[in-house]
Amino acid sequence: MTSVPAVLGGDPLFADGLRMFRPTLPPYEELAPDVAGLFETGMLTAGPHAVEFERRLADHLEVEHVVAVSSCTVGLVLACQALDLTGEAIVPSFTFMATVHPLAWNGVKPVFVDIDPETWNVDPVQVEKAITKNTSGIVAVHLLGTPAAVEALEEIADRHDLRLLFDAAHGFGALHDGRPLGRYGDVEVFSATPTKVLSAVEGGIVATNDAEIARRVRVARNYGNPGDYGSEFPGLNARMPEFNALVGMKSLEMLENNVSRRQEIAATYKARIGALPGTAFQRIAEGDRCSFKEYSLLIDEVDFGMDRGTLAKALAAEGIDSRFYYDPPVHAHDAYRHAVDPAALDLPVTTAVAKSTITIPIYSHMDDDTVDRVCTAVERAHAYADDVRARLEPSPE
Ligand SMILES: *Cc1c(COP(=O)(O)O)cnc(C)c1O
């Protein structure tokens with residue numbers, strides 16, 4: 001017999017609460033000597049550690065060029081600039097806002113398109129339909145760490161002579177055809193902020209096989225100064241500090257363990273929560289590996305017995321944090337909704353998926369007991385669905 005959910009009076013499964021994510025940090029003792037070295041030399045930025053981190057990242061990602069920057073958002077801003085994006089760029093709306101802002105910072109109009117109902121990644125068919133004479137590029141996302149339809153997008157970009165940029169913020173640790181992401185399109189930009197699988201405190205990783213793009217991003221992250229105190233174009237200060245590079249290198253050493261652990265957690269979630277009616281997950285292509293930067297479930301209100309909003313409240317009563325990623329989708333944000341012609345916007349899949357998904361906690365050092373209790377929380381909410389709904393949903397009278 002399933003135990004009674006906390007919302008109906010059962011003991012909360014997490015009396016002390018369970019947060020969405022916790023960064024998996026290297027032991028401080030391992031870092032301390034190098035940090036002391038920074039203070040001895042006084043070389044805090046633009047030093048050898050960032051260069052070494054870039055070398056190791058290029059090795060790991062199997063790409064020719066890596067430029068470490070201060071954040072993924074800024075890396076995307078500089079990548080759009082390096083690609084000379086103008087006019088319009090095609091982009092999904094079901095993503096984090098920082099996928100789209102770099103277009104706005106470059107004066108490029110985002111043209112939002114729909115996602116695939118199974119992978120939740122941008123739908124190449126919709127991308128191709130949205131191309132106009134003003135389109136200069138495509139921005140795709142490896143959403144939640146599941147590789148996008150990279151070959152189909154490359155084929156479309158080639159055929160229409162468009163630039164292709166991947167927001168790979170969630171992509172570190174993911175594999176496509178057994179190899180890391182980073183080599184697709186013209187350039188891919190990863191995030192190393194603490195909520196991501198690889199963390200450098202804060203940071204962005206620009207990966208490309210194009211030497212000129214890499215050169216331009218390098219100049220751009222240093223005020224646009226190519227080294228002669230002139231400015232080739234308007235740049236920013238977007239350097240990655242030495243301390244961040246040190247933390248990032250330790251995080252890279254832990255990556256494979258961390259991603260493997262996330263595969264185990266995701267497999268348990270899929271086996272137990274996926275056994276309940278009315279639950280579905282993002283489809284990951286055969287042979288691909290998701291980084292499981294996040295774990296989202298799609299809840300069918302009728303089959304599961306309650307909608308994702310009521311489930312979130314039931315989980316909150318258990319002490320479990322959850323989020324509705326990505327609701328509202330970006331085209332509905334204040335920053336964009338005025339610029340978007342509502343008649344031109346038909347994003348039924350985005351709207352449906354954004355309204356039905358709930359993201360539950362996952363992090364790389366989550367132990368089996370924690371995973372078990374999260375599953376139990378969802379199971380017992382479902383088992384008592386009628387009572388939970390009666391308690392949490394206002395009656396229609
Ligand atoms: C986190 C994130 C970013 C921004 O990364 P920062 O390193 O925080 O700038 C961009 N896109 C997506 C999809 C993200 O989740």
Side-chain angles (χ1 to χ4, degrees), residues 20-21 23 50 53 57 66-81 89-106 110 112-113 115 119-122 138-148 150 153 165-174 181-182 184-185 187-207 217 220-221 236-241 243-245 247-248 251-252 262 282 290-296 323-331 333 335-336 350 353-354 357 359 362-363:
M20 279 298 288
F21 28 66
F53 188 32
L57 288 165
V66 162
V67 186
V69 292
S70 51
S71 76
C72 173
T73 307
V74 161
L76 288 165
V77 168
L78 301 183
C80 290
Q81 181 187 40
I90 296 166
V91 65
S93 176
F94 189 60
T95 181
F96 186 58
M97 61 190 91
T99 304
V100 183
H101 293 342
L103 295 172
W105 278 98
N106 280 276
F112 295 102
V113 296
I115 52 169
T119 67
W120 308 345
N121 272 318
V122 74
I138 301 165
V139 181
V141 184
H142 306 295
L143 199 85
L144 312 179
T146 293
V150 287
L153 292 166
L165 164 62
F166 285 97
D167 174 350
H170 302 170
F172 217 101
L181 300 173
Y184 294 103
V187 51
E188 300 208 46
V189 186
F190 300 86
S191 169
T193 204
T195 61
K196 310 292 169 31
V197 182
L198 177 89
S199 175
V201 186
E202 292 283 357
I205 294 154
V206 180
V217 173
R221 79 169 167 189
L236 290 167
N237 173 0
R239 293 184 298 258
M240 176 181 282
F243 177 71
N244 297 38
V247 175
S251 186
L252 186 58
R262 284 171 188 257
Q282 190 182 26
C290 179
S291 67
F292 292 112
K293 184 273 182 206
E294 304 287 357
Y295 201 87
S296 285
R323 296 277 191 282
F324 301 147
Y325 291 144
Y326 291 95
D327 186 27
V330 183
H331 73 274
H333 290 203
Y336 298 102
T350 295
V353 173
T357 39
T359 308
I362 188 167
Y363 50 86

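We count ligands from 1, going down the list as the structure has it; atoms in each ligand are counted the same way. The first residue in the sequence is number 1, and the count goes up from there.
Between T193 and S71 the shortest side-chain heavy-atom distance does not fall below 4.5 Å. For the pair V100 and Y336, the minimum side-chain heavy-atom distance is below 4.5 Å.
Residues of the protein with a heavy atom under 4.0 Å from ligand 1 are S71, C72, T73, T95, F96, A98, T99, D167, A169, H170, S191, T193, K196, G203, listed by chain and number.
In terms of modelled atom types and a separation under 3.5 Å, the side chain of S93 and the main chain of V330 share a donor-acceptor contact.
Shown here for Q81 and A220, the closest heavy-atom pair between the two residues is OE1-CB, 3.7 Å.
Relative ring orientation between Y184 and F166 is described as perpendicular, the plane-to-plane angle rising above 60° on a 0-90° scale split at 30° and 60°.
With hydrogens and angles left out, the side-chain atoms of T146 and Q282 include a donor and acceptor closer than 3.5 Å.
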